[in-house]
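First the structure, in the form of structure tokens, and then the observations on it.
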Amino acid sequence: MLKGLNPQQKAAVEYLDSPLFLSAGAGSGKTKVLTHKLAYLVKEKGIRPHRILAITFTKKAANEMAERVGRMLGIEPRWISTFHSFCVKVLREDVEGLLMPFDRRFVIYDEDDCARVLKDVLRRFNRDPREAQAAREVISKAKQEYRSSIVDHIRALAYPASTFAETAKEYQNELERSNAMDYDDLLYFTVRALSDSPEVRKKWQEKFDYVMIDEFQDTNDIQFQLIKLLAGGKKGLFAVGDFFQCIYTWRGSRPSNIGRFIREFRAREMRLEKNYRSMRKILDVANVVVSRVDCNWSDTVLQLRTDTEEEGEVKYVGRSDGISEGIWIAEKIRELSADYKYSDFAILIRMAFLSRALESVLMQYQVPYTIVRGLAFYDRAEVKDLLSYLRLISNHRDKAAFERIINTPSRGIGKKGLSLIRESFRTDWLQALRETKLPQRQRLNVDELIKTIEKHADSVEERPYTVLMDLLGEVGYFDHLRKEHGEDFEERRENLSELANVLEKLEEEGRPFSEFMEDSLLSSDQDRIGSEDSVKILTLHAAKGLEWPVVFMPALEEEIFPSAKSMLSEAALQEERRLFYVGTTRAKERLYLSSAELRMKFGQTMSMMRSRYVNEIREHLKG
DNA sequence: CTTAGGAAACTTTTT
DNA sequence: GTTTCCTAAG
């Protein structure tokens, strides 16, 4: 289990005397330490694999870790997962019987569903539904900070955040009536379950002999709370992180959790600074960037070292506009494609909209590419519509699903009809649909819908594919598509047949529909990176933890990277710098930086200034 | 209630 | 350049 590890890695694997924090620089082999440590605990220390809990940042990291450990041990430990999917497991077992307004079949709402609910609530309070985004952020933050009363906490905030207190209350009521949780709720209610019930706490504390957490710099308050509850004084506690790669403070990460972990758990601290990923020139640049990152809680500056003799290449080019920048990238990829596969290339962008220009150029040059976020498959309107039908059929309380499909295809139910139906809601939407008084034409349409829902209610869980195929005809969905989206009807039908394929496979394997929904909601962008041989285009955030032989970082321009909004605060600028560091350290052999003088933004051509980061590393660039 | 047309906002980053 | 929201006529 210790073979192939350097002395520092080996020390971290073997150390068991107290909780341990491992500060692991980019490319220093932290995943290796995590997997070897897990295997070591099982093989050398006789701990049973399912008594080890390992929490990772993304599902992709969890799967990879499980697979690697599986190869070493012959079995895959059961408890390698993300915070969110771990919480779902806890809640499915223990949410009932805790005086909580959910039952174990609760569903998870994505941002779209949450926005739907929030907009409706805001409208009822005579407020602008466009505030939904702001309200969502306030509510999310309050839950992440884990206050005993979310509503009181919001009321006490500074204006205008405080005005969302009532909104938050009603939003939560609506989620509870739908038996639905948002992403934050998964953590919030898990922590509540563990803190409120000594029995539940004991059960989960005793389940694990050893707890390890990856990417610790990006944990938030409530996640720290959860770890504390699970730790329950055990010394088998191991966290790995790198302050310099903390890039999620905007959504609540607390890099200070590192210091807190060391203090509160009296953890031993170890470091890994030897880099096994990047060639020398890339590391030189990364070290310049990292030396400018403020880190006031540590006196030792991170300095990555490597033994490799190979130099690699770092190059910067400036181009006149976004298109010629794209052309330069496409030609470079062509030139290098003699020595590399397409999947060896990644283009890392600061903002999603930057993928547009790149996309059209790569298409012209016939370079196969995959945009990792773009529009995710499950975000397509037609896919969401049909999934909402299935959701409503399986959970008659699902408000977001109900509102999505009640008038899709059109049943003549508009604002008026919808508010009548909402008023009759008592137990679920099926009941509300039955009891609402409606004009005759609408009544007939709604009766059809009720019949459809009732007909499939018992089979949707086991036979989602069969139900989907029936549904398409019964509600006349293709007619609706042809009428509403004549131009790209074919494309949309393709998407639906892809959904059908997925569900057919699910049905054949005998996996339930709810499990499928859960999986797709808890997977990250990274999980959607396939193994196909194509150039990957993704945001820097999505690139965290990944690596490629050749990395492009285009659009290095002021107001893009660093972003305009980050310039308002020093803390945000610091985070941008860390993000730039994360970007440069994704590259193994070649790193190509570029910028353009003119760039299309909001459909207008803007004149851009070269990013400060390019100037800072100038002496390390050639060309 | 639907539809068409036009204004306005929109771009950080996401489990 | 695109999506989303609003309005006024049918």
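Keep in mind that what you see is a predicted model, and the values were worked out from it rather than measured. Chain identifiers are assigned alphabetically (A, B, ...) following the order of the sequence lines, protein sequences preceding nucleic acid strands; residue numbering begins at 1 within each chain.
Taking atom CD on A:E131 and atom P on B:dC10, their separation rounds to 12 Å, with Å as the unit. If you measure from atom NZ of A:K415 to atom C1' of B:dC1, you get 12 Å, rounded to the nearest angstrom. Straight-line distance from the NZ atom of A:K601 to the P atom of C:dG1: 17 Å, rounded to whole Å.
Using a 4.0 Å cut-off between charged side-chain N and carboxylate O, A:R492 and A:D385 make no salt bridge.
Legend: residues meeting ring-ring contact (aromatic ring centres under 6.0 Å, His included) with A:F86, ordered by chain and number and at least two apart, are A:W79, A:W204.
Residue A:F602 and nucleotide B:dC10 are not classified as a stacked aromatic pair, given the requirement of ring centres less than 5.5 Å apart at an interplanar angle below 30°. The aromatic ring of A:Y248 does not stack onto the base of B:dT13, failing the criterion of a centre distance under 5.5 Å from the six-membered base ring together with planes under 30° apart.
Contact check, A:S410 against B:dT2: a side-chain N or O comes under 4.0 Å of OP1 or OP2. Dashed line: the shortest gap from a side-chain N or O of A:N407 to OP1 or OP2 of B:dT2 is under 4.0 Å. Contact check, A:T539 against B:dT14: a side-chain N or O comes under 4.0 Å of OP1 or OP2.
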Tabulated below should be each protein N or O lying under 3.5 Å from an N or O of nucleotides 5-10 of chain C; please produce it.
from  : atom 1 : to     : atom 2 : distance (Å)
C:dC5 : OP1    : A:K119 : NZ     : 3.2

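Taking the C1' atoms as reference points, B:dT11 lies 23 Å from C:dC6, given to the whole Å.
Taking the nucleotide of DNA chain B with the nearest heavy atom to each of A:L522 and A:G414, the more 5' of the two is matched to A:G414.
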